[in-house]
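Note that this is a predicted model, so its numbers are computed, not measured. Scope of the values below: all heavy atoms of this structure, side chains included, with no hydrogens, waters or symmetry mates.
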Amino acid sequence: MIILVMGVSGSGKTTIGEKLAESLGYKFADADDYHPQENIDKMRNGIALSDKDRLPWLQKMQDVIKQHLSENTNIVITCSALKASYRQMLLINHESVKLVYLKGSFELINKRLKERLNHFMSEKLLKSQFDILEEPLEAIKVDISQPLEDIVQNILEKL
């Protein structure tokens, strides 16, 4: 099974995804590691990515998902996947790819981003992410204001 953990930057995708993968004995991958350098440079400079910027990254993520499906590998993958069209590219097998949406308020996530160090995504770009966010209709939705252990347990129960 592939579990795709999505949400805006600062929603806790990496922390929650790693803990979830550990709890399940799954592999873990962070989609941020697949961004081309030019995307990272743009985000570091406070420039929001366009759909054109994201397309090669989403295609790479689709390839990663296809590879894990073909190898029958269990993995948790974190990816912002903010628009429905992005998720359509990634949710290529609804039986084997499950979506988890980490939902939180702008205020909570903005506070978290201000406290984050050494990450290319700054709180300055958070508004642009909320502006394009299309909340998924069919996903495991999790309130990120809870403690980490409760969030992971909630996901495990809903899976």
Side-chain angles (χ1 to χ4, degrees), residues 1-35 39-40 43-44 49 54 57-58 60-84 86-126 128-130 132-159:
M1 179 186 325
I2 296 174
I3 302 169
L4 186 66
V5 179
M6 64 151 296
V8 297
S9 183
S11 61
K13 292 184 298 292
T14 301
T15 302
I16 293 164
E18 287 175 338
K19 187 72 172 172
L20 181 62
E22 178 185 313
S23 297
L24 291 166
Y26 284 16
K27 292 183 176 187
F28 174 79
D30 189 329
D32 283 349
D33 295 337
Y34 295 89
H35 268 296
N39 284 6
I40 293 171
M43 290 183 282
R44 267 204 181 104
L49 298 180
R54 286 185 180 94
W57 170 66
L58 288 165
K60 177 64 177 167
M61 294 313 305
Q62 185 183 63
D63 291 343
V64 168
I65 290 169
K66 285 179 180 177
Q67 176 184 349
H68 286 287
L69 285 172
S70 72
E71 295 171 356
N72 203 25
T73 307
N74 294 322
I75 187 167
V76 174
I77 300 174
T78 60
C79 181
S80 53
L82 300 175
K83 288 186 177 182
Y86 304 166
R87 293 188 296 273
Q88 286 174 349
M89 290 183 68
L90 302 175
L91 298 172
I92 55 179
N93 178 328
H94 292 283
E95 294 289 318
S96 300
V97 183
K98 303 298 179 192
L99 183 66
V100 174
Y101 170 42
L102 303 180
K103 183 178 172 116
S105 70
F106 180 88
E107 294 74 24
L108 172 65
I109 296 171
N110 192 42
K111 179 178 181 277
R112 288 181 178 181
L113 284 175
K114 286 179 180 176
E115 296 168 355
R116 186 193 279 186
L117 301 174
N118 300 321
H119 192 275
F120 60 80
M121 186 68 175
S122 74
E123 73 273 7
K124 294 174 186 171
L125 292 176
L126 182 60
S128 71
Q129 289 210 330
F130 268 92
I132 68 164
L133 174 63
E134 297 170 358
E135 292 192 3
L137 300 176
E138 295 188 24
I140 295 171
K141 294 180 184 168
V142 183
D143 175 4
I144 62 164
S145 66
Q146 307 170 65
L148 174 62
E149 295 77 21
D150 293 348
I151 292 170
V152 172
Q153 186 59 41
N154 189 347
I155 295 168
L156 291 170
E157 289 170 5
K158 291 179 178 179
L159 282 170

Report task. Evaluate the side-chain proximity of Met61 to Leu4: yes if any heavy-atom separation is below 4.5 Å, no if none is. Result -> no
Query raised in the report: If you take all heavy atoms of Trp57 and Asn39, which pair is closest and at what distance?
Result: CB-ND2, 4.3 Å
Query raised in the report: Is there side-chain contact between Leu99 and Val97, with heavy atoms separated by less than 4.5 Å?
Result: no
**Report entry** Main-chain N/O of Val8 paired with Ser11 side-chain donor or acceptor, under 3.5 Å
**Finding:** yes
Query raised in the report: With distance as the sole test, does Lys141 use its side chain to make a donor-acceptor pair with the main-chain N or O of Pro136 at under 3.5 Å?
Result: yes
Query - Heavy atoms from other residues, nucleotides or ligands near NZ of Lys19 exceed 12 (cutoff 6.0 Å) - result: no
Query raised in the report: Would you call Glu18 and Glu22 a side-chain contact if the rule is heavy atoms closer than 4.5 Å?
Result: no
Query raised in the report: Should we say atom CD of Glu71 is surrounded by more than 12 heavy atoms from elsewhere, each under 6.0 Å from it?
Result: yes
Query - Closest non-hydrogen atom pair between Ala81 and Met6, with its separation - result: O-CE, 3.4 Å
Report summary line: CG (Asp150) and CD1 (Ile144) are apart, to the nearest 0.5 Å, by 14.0 Å
Report task. Drop me the distance from Asn154's CG to Lys158's NZ, to the nearest 0.5 angstrom. Result -> 4.0 Å
Query raised in the report: Does the side chain to side chain contact (heavy atoms under 4.5 Å, CB included) test come out yes or no for Tyr101 and Leu133, once each step is laid out?
Result: CA-CA 11 Å; Tyr101 170 42; Leu133 174 63; 3.4 Å; yes
**Report entry** Approximate separation, where rounding is to 0.5 Å, of Ser105 OG and Asn110 CG
**Finding:** 9.5 Å
**Report entry** Working for side chain to side chain contact (heavy atoms under 4.5 Å, CB included), residues Arg54 and Ile132
**Finding:** CA-CA 13 Å; Arg54 286 185 180 94; Ile132 68 164; 3.7 Å; yes
Requested in this report: Please report the C-alpha distance between Tyr86 and Glu134 in whole Å, then the side-chain angles of each, then the deciding distance to 0.1 Å, and finally whether the side chain to side chain contact (heavy atoms under 4.5 Å, CB included) criterion is met.
Outcome: CA-CA 10 Å; Tyr86 304 166; Glu134 297 170 358; over 6 Å; no
**Report entry** Ile109 versus Gly104, closest heavy-atom pair with distance
**Finding:** CD1-O, 3.8 Å
Query raised in the report: Could you walk me through whether Leu156 and Leu24 pass the side chain to side chain contact (heavy atoms under 4.5 Å, CB included) check?
Result: CA-CA 8 Å; Leu156 291 170; Leu24 291 166; 3.5 Å; yes
Query raised in the report: Below 4.5 Å, heavy atoms only, C-beta onward: do Phe28 and Thr14 meet side chain to side chain?
Result: yes
Query raised in the report: Would you find more than 12 non-hydrogen atoms of other residues, nucleotides or ligands less than 6.0 Å from Asn72 atom CG?
Result: no
Query raised in the report: Closest heavy-atom contact between Ile2 and Thr73?
Result: CG1-O, 4.2 Å
**Report entry** Smallest separation among heavy atoms of Lys13 and Thr78, with atom names
**Finding:** O-CG2, 3.0 Å
Query - Other residues, nucleotides, ligands: >12 heavy atoms within 6.0 Å of Glu95 CD - result: no
Query raised in the report: To the nearest 0.5 Å, how far apart are OG in Ser70 and CG in Asp63?
Result: 10.5 Å
Query raised in the report: Distance from Lys66 atom NZ to Ile92 atom CD1, nearest 0.5 Å?
Result: 5.5 Å
Query raised in the report: Rounded to the nearest 0.5 Å, how far apart are CG of Asp30 and CD1 of Ile77?
Result: 10.0 Å
Query raised in the report: Among Ile140, Ile155, Leu102, which one satisfies side-chain contact (heavy atoms from CB on, under 4.5 Å) with Val5?
Result: Leu102
Report summary line: Closest non-hydrogen atoms of Leu159 and Ile3, given as atom of the first, atom of the second and distance, are CD1-CD1, 3.5 Å
